[in-house]
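Let me begin by presenting the structure, written as structure tokens, before commenting on it.
Small disclaimer: the values here were computed from a predicted structure and weren't measured.
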Amino acid sequence: MRKKVLEKRLAKLNAKLADIRTKVQNSTDAAEVRALTAQAEEVADDIDDITAELAAIEDDEQRAAAQQTEQRGSVPAGATLVNPLQGASYNMGKRDDEDKYASLEYRKAFKEYVQRGTAIPAQYEQRQSAANTESLGAIIPTTVLNELTNEIRKVYGNLYSKVRKLNVRGGVKIPVGKLQATFKWISEKTASPRQNGGTTETVEFSYNIGEIRVAQTLLSSIVSLDLFEREVVKIMLEAFLQAMDIGIVKGTGDGQLLGILNDARVPVTNAVSFTAAEINDWTKWRKKFFAKLPLGYRSGNFIFPLSTVESYLETMADSNNNPVFRQATGLEMGDGDAAAPYGRFFGRTIDVVEPDVITDFDDASNGDVVGIFWQPEAYAINSNMEFGMKRYFDEETNEWVNKALVVIDGKLVNPAGIWLIKKSST
């Protein structure tokens, strides 16, 4: 009940903050702008408090669910023993469709497999990738994957957490275009020409296999089942999200995701170049960028490295060197907030990334992409998110290595909505 009340209040505060920011952008009175800015900061503080409280409630719910899962291994009160002499079976009317990979027994078996190489019991079939090219090995327990999904909202991985997620069979062409027709005026002597539904574009996903190598020495030292699973999630999460964010932006498409910067379907006209002086001038953003944006694509997000935001967007000033970035662009950044480091620029969300995803403006060469404007739903990740774990002995290092595998692909489904922001030296 408390969670629902907080969520409703959070929605109202977000709407209020958006309204204040709109008033700031439209106001020409300096005193009014200062008053509205102070009011916006108060609302933003309330939003931060409620977000933190919701995160704490969610953590409590996850711990309660984990404890409930642990208790499934014990005989419940009032259960009818099927064979008391056996001492292991009891009749609970267990459903046949219960996920066996979420059971306590499988979680323990998986832990023994990763730490000691103990064979997975025969009743837990090992699934293969849809392409049947390589077995995924021992399937990582569902509870671990669920935690992986939940944690995505709390750590970096801003791009992956927002793109569209699909689970479709590879090798199949999926229509992504929209049917179109054209309105025609007619007279008594002319008839409207017949029109087809327009051309429908398609996108096709492949069977790419990604891997995450996990250090055996670390996992072998973790005895508790809960600690073991949390550490597996932490290791996988950091490696997986880093690879996804980099792949979404600059994946080569050769056995991996096809990134935005390497997709030849992005129109060459969807690019705007800024010099160091221009990217620091809010009027240039209006004239060179927003003036060119079609109405249908004006609700997107920005992707910038944080260093570019700090050096150029947050240093906008007038002729007297007075800061104008907040009044002119509505720029707000979640500085120091590791769970939500993003901000807003001209009313659009900024997804901040590391320089290994997009090059910092100062380090970029002439013509390099230093920012992206996109609609996150225009990019799709295709995977069943079924991670498997394989174990082998590395003769070079004389140690056991665990390799997590997943079948995954990703590419743009609507390249027309992508705009590239480039550096210009002149």
Side-chain angles (χ1 to χ4, degrees), residues 1-27 32-68 143 145-165 230 233-234 237-238 241 244-245 299-304 306 309-310 313-314 323 325-354 374-377:
M1 183 66 181
R2 173 66 175 165
K3 184 177 180 180
K4 291 183 178 179
V5 172
L6 290 174
E7 288 174 342
K8 289 182 179 179
R9 175 160 173 72
L10 182 61
K12 291 180 180 179
L13 287 173
N14 281 323
K16 183 177 180 180
L17 183 59
D19 181 60
I20 294 174
R21 286 171 173 165
T22 300
K23 290 179 180 178
V24 169
Q25 292 182 11
N26 295 333
S27 177
E32 183 184 25
V33 168
R34 285 193 294 269
L36 289 171
T37 300
Q39 186 179 356
E41 290 176 348
E42 293 179 1
V43 175
D45 289 340
D46 291 340
I47 290 175
D48 291 341
D49 292 340
I50 293 178
T51 301
E53 189 170 352
L54 285 171
I57 292 174
E58 187 173 328
D59 288 340
D60 292 340
E61 290 175 347
Q62 291 178 8
R63 281 194 291 270
Q67 291 174 359
Q68 186 178 8
T143 51
L145 289 183
N146 288 342
E147 186 174 349
L148 175 74
T149 303
N150 291 333
E151 286 294 322
I152 285 174
R153 297 196 298 264
K154 301 178 184 178
V155 299
Y156 75 94
N158 296 328
L159 308 187
Y160 175 80
S161 64
K162 294 181 178 181
V163 299
R164 187 185 306 183
K165 309 299 190 303
R230 278 200 295 270
V233 169
K234 178 182 178 182
L237 183 67
E238 291 178 354
L241 290 182
M244 291 300 100
D245 277 6
S299 60
N301 295 0
F302 286 101
I303 306 175
F304 284 119
L306 183 58
V309 176
E310 294 274 6
L313 304 189
E314 289 194 294
F325 65 87
R326 181 172 293 175
Q327 295 92 330
T329 69
L331 179 66
E332 296 280 352
M333 292 301 299
D335 291 341
D337 187 351
Y342 48 81
R344 296 185 69 80
F345 184 54
F346 284 103
R348 282 83 173 172
T349 297
I350 297 177
D351 296 317
V352 292
V353 295
E354 296 291 346
W374 71 324
Q375 288 74 38
E377 65 275 8

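Contacts of Asp351 classified as side chain to side chain donor-acceptor pair (under 3.5 Å), with partners at least two apart in sequence or in another chain: Lys162. Among residues two or more places apart in sequence or in another chain, the side chain to side chain donor-acceptor pair (under 3.5 Å) test is passed with Ser299 by none. A search for salt bridge (Lys or Arg N to Asp or Glu O under 4.0 Å) contacts involving Glu53 returns Arg2, not counting sequence neighbours. In this view, Glu354 and Asp356 satisfy the side-chain contact (heavy atoms from CB on, under 4.5 Å) rule, not counting sequence neighbours. With sequence neighbours excluded, no residue forms a side chain to side chain donor-acceptor pair (under 3.5 Å) with Arg348. For Gln375, there are no side chain to side chain donor-acceptor pair (under 3.5 Å) partners, not counting sequence neighbours.
Listed for the Asn14 side chain is a donor-acceptor partner under 3.5 Å among the backbone atoms of Leu10.
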- Output, in order, the C-alpha distance, side-chain angles, deciding distance and verdict of side-chain contact (heavy atoms from CB on, under 4.5 Å) for Trp374 and Val163. CA-CA 10 Å; Trp374 71 324; Val163 299; 3.6 Å; yes
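When all heavy atoms of Arg9 and Asp46 are compared, the pair lying nearest together is NH2-OD2, 4.3 Å.
Side-chain atoms of Leu331 and Arg326, non-hydrogen and from C-beta on, never get closer than 4.5 Å to each other. Under the 4.5 Å side-chain criterion, counting only non-hydrogen atoms from C-beta, Phe304 is in contact with Leu313.
Ile47 CD1 to Lys16 NZ: the interatomic distance, rounded to the nearest 0.5 Å, is 10.0 Å. Note: Glu314 CD to Thr329 OG1 = 9.0 Å, rounded to the nearest 0.5 Å. Taken from CG in Leu159 to CG in Asp245, the straight-line distance is 4.0 Å, to the nearest 0.5 Å.
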